[in-house]
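Right, one structure below, let's go through it.
Here is how names work: the chains are called A, B, and so on, in the same order as the sequence lines, proteins then strands, and each is numbered from 1. Keep in mind that the numbers below use all heavy atoms, side chains included, and drop hydrogens, waters and symmetry copies.
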Protein chains: 2
Amino acid sequence: MAHEVEQRALARYLEEHSLKHTKQREAILDVFLEAKGHITSEDLYQAVRSRHAQIGYTTVYRTMKLLCEAGLAHEHNFDGTARYEIAHEHHDHLVCTRCGKIIEFECEMIESAQNRIAASYGFRVLRHRHELYGHCAECQTSRHSDS
Amino acid sequence: MAHEVEQRALARYLEEHSLKHTKQREAILDVFLEAKGHITSEDLYQAVRSRHAQIGYTTVYRTMKLLCEAGLAHEHNFDGTARYEIAHEHHDHLVCTRCGKIIEFECEMIESAQNRIAASYGFRVLRHRHELYGHCAECQTSRHSDS
DNA sequence: CTGAAAATGAATGTGATTTTCAATTTCATT
DNA sequence: AATGAAATTGAAAATCACATTCATTTTCAG
Ligand SMILES: [Mn+2]
Ligand SMILES: [Mn+2]
Ligand SMILES: [Zn+2]
Ligand SMILES: [Zn+2]
């Protein structure tokens, strides 16, 4: 069984919350960790199903919610369908509306400016989303559709 | 008829696009301009309906899309339902997840940092969303639900 | 080994938005 | 003012992603 660290983290979360350790959850975590980038529930379901034909969509769906709660996955919504990525240090995204490419960025200056702004309003920030939509370098030249 | 400037802008957009000037569109724009803040289609529909009982939800819905295309309205989606605001200079938002209050902010430093980041990837930004979710000053103290 | 609690998954529900389509309205042209 | 092609309207139905239901199966503490 691969991904020992994450599997143990999941097991620990399940124990702490009186939830059960099932083969489905283990399998879905495995497949998720092998998938790259920012994957939709549907794509993840297809990937899961290719190895474990009996696992249902609902279980994949619910498990991704669980992995988010456990801090192992992060959910984003760039275009109306949720996408999941392996949790890692905070970052924001550039999203190419032509080819779908997603570039991650982080900027301490922006983060601190955000905090200053919120503080000036006495506002406590719990989370934020900062996404730049447009065309990536590769998509600049080609003359296709899309805005 | 109030809101002459905006009504004329709409009329101009309609002409330029071979669309027709209808009483519904005029009425919806009027009601929209009188509504304050960031209003949902549903709330706008209720407001429209109180003055023009015959106007249907679909028309309100479609007209708001039209007003966005015409540059008179901006659409945002903070929580799963679209909200519209009267178009004005660029800004981003602080959203209180307890009371729903929306505070607007603008930060030239953030905007230019964004542009630098995009440029470093050869990325052309067409639009962006930057939203800070949390609790507003008034909601900090009270002990209610919600994350 | 047992049984209570949780999980599964197929089916169904939900809520916002979008589309369909027959009837109505607009408006450039007679 | 009359005509008619094209656009609009609005009630109803469809769509889409997501959420819930519930009968059955599985987990796991005792
Ligand atoms: Mn990411
Ligand atoms: Mn605003
Ligand atoms: Zn691209
Ligand atoms: Zn508040």
Would you kindly give the [atom1]-to-[atom2] distance between [X] and [N], to the nearest whole Å?
X	N	atom1	atom2	value
His17(B)	dC27(C)	NE2	P	16 Å
Ile55(B)	dT8(D)	CD1	C1'	12 Å
His52(B)	dG10(D)	NE2	P	12 Å
Arg83(B)	dT17(C)	CZ	P	10 Å
Glu15(A)	dT27(D)	CD	P	16 Å
Lys65(B)	dT19(C)	NZ	C1'	14 Å
Tyr13(A)	dA7(C)	OH	P	11 Å
Asp79(B)	dC18(D)	CG	C1'	15 Å

Problem - Electrostatic pair Glu138(B):Lys101(B) at N-O distance under 4.0 angstrom - result: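 A salt bridge is present here (some side-chain N lies under 4.0 Å from a carboxylate O).
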Handout entry: Arg8(A)/Glu6(A) salt bridge by N-O under 4.0 Å criterion
Key =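 Here Glu6(A) does not pair with Arg8(A) in a salt bridge, since their nearest N and O are not under 4.0 Å apart.
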Problem - Distance-only side-chain donor-acceptor flag, Glu85(B) / His74(B), under 3.5 Å - result: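 The answer is no; no qualifying pair exists.
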Problem - Distance-only side-chain donor-acceptor flag, His93(A) / His91(A), under 3.5 Å - result: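 Checked: His93(A)/His91(A) side chains pair up, N/O donor to acceptor below 3.5 Å.
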Just the atom pairs and distances: protein N or O near nucleotides 13-17 of chain D's N or O, under 3.5 Å.
none

Problem - All pairs passing salt bridge (Lys or Arg N to Asp or Glu O under 4.0 Å) where residues 10-23 of chain B contributes a residue, at least two apart - result: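 Residue pairs passing salt bridge (Lys or Arg N to Asp or Glu O under 4.0 Å), neighbours aside: Arg12(B)-Glu16(B).
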Practice task
Output every pair passing salt bridge (Lys or Arg N to Asp or Glu O under 4.0 Å) with a member in residues 103-120 of chain A, not counting sequence neighbours, ordered by first then second residue.
Solution key: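 The answer is none; no pair qualifies.
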Problem - Pairs flagged by ring pair (Phe, Tyr, Trp, His ring centres under 6.0 Å) wherever residues 109-132 of chain B is involved - sequence neighbours left out - result: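 Residue pairs with at least one partner in residues 109-132 of chain B: His130(A)-His130(B), His90(B)-His128(B), Phe105(B)-His130(B).
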Exercise for the section: Following the transitive rule for hydrophobic clusters with a side-chain heavy-atom cut-off under 4.5 Å over Ile, Leu, Val, Met, Phe, Trp and Tyr, establish whether Leu44(A) and Phe78(A) coincide in one cluster. Expected result: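 Per the 4.5 Å side-chain linkage, Leu44(A) and Phe78(A) are not co-clustered.
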Problem - Path from Ile117(A) to Val95(B) over hydrophobic side-chain contacts below 4.5 Å - result: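 Ile117(A) and Val95(B): separate clusters.
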Under 3.5 Å, N/O pairs linking protein and nucleotides 21-25 of chain C:
none

Problem - Pairwise distance OG1(Thr22(B)) to CD1(Ile28(B)) - rounded to 0.5 angstrom - result: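 Answer for the OG1-CD1 pair, Thr22(B) versus Ile28(B), is 7.0 Å.
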Practice task
Could you grab the distance from atom CZ of Arg83(A) to atom CD1 of Ile102(A), nearest 0.5 Å is fine?
Solution key: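 That separation rounds to 5.5 Å.
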Handout entry: Pairwise 5' ranking along DNA chain D for Leu19(B) and Arg49(B), keeping only the more 5' one
Key =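 The 5'-side residue here is Leu19(B).
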Practice task
Taking only the side-chain heavy atoms of Thr58(B) (C-beta and beyond), determine which of dA11(D), dC28(D), dC27(C) contains the nearest atom.
Solution key: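 It is dA11(D).
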Practice task
For DNA chain C, determine which residues of residues 31-47 of chain A have any heavy atom closer than 4.0 angstrom to one of its atoms, and list them numerically.
Solution key: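 Residues of residues 31-47 of chain A under 4.0 Å from DNA chain C: none.
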Exercise for the section: Verify the contact: side-chain N or O of Arg25(A) to OP1 or OP2 of dT8(C), cut-off strictly under 4.0 Å; return yes or no. Expected result: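 For dT8(C), OP1 or OP2 has a side-chain N or O of Arg25(A) closer than 4.0 Å.
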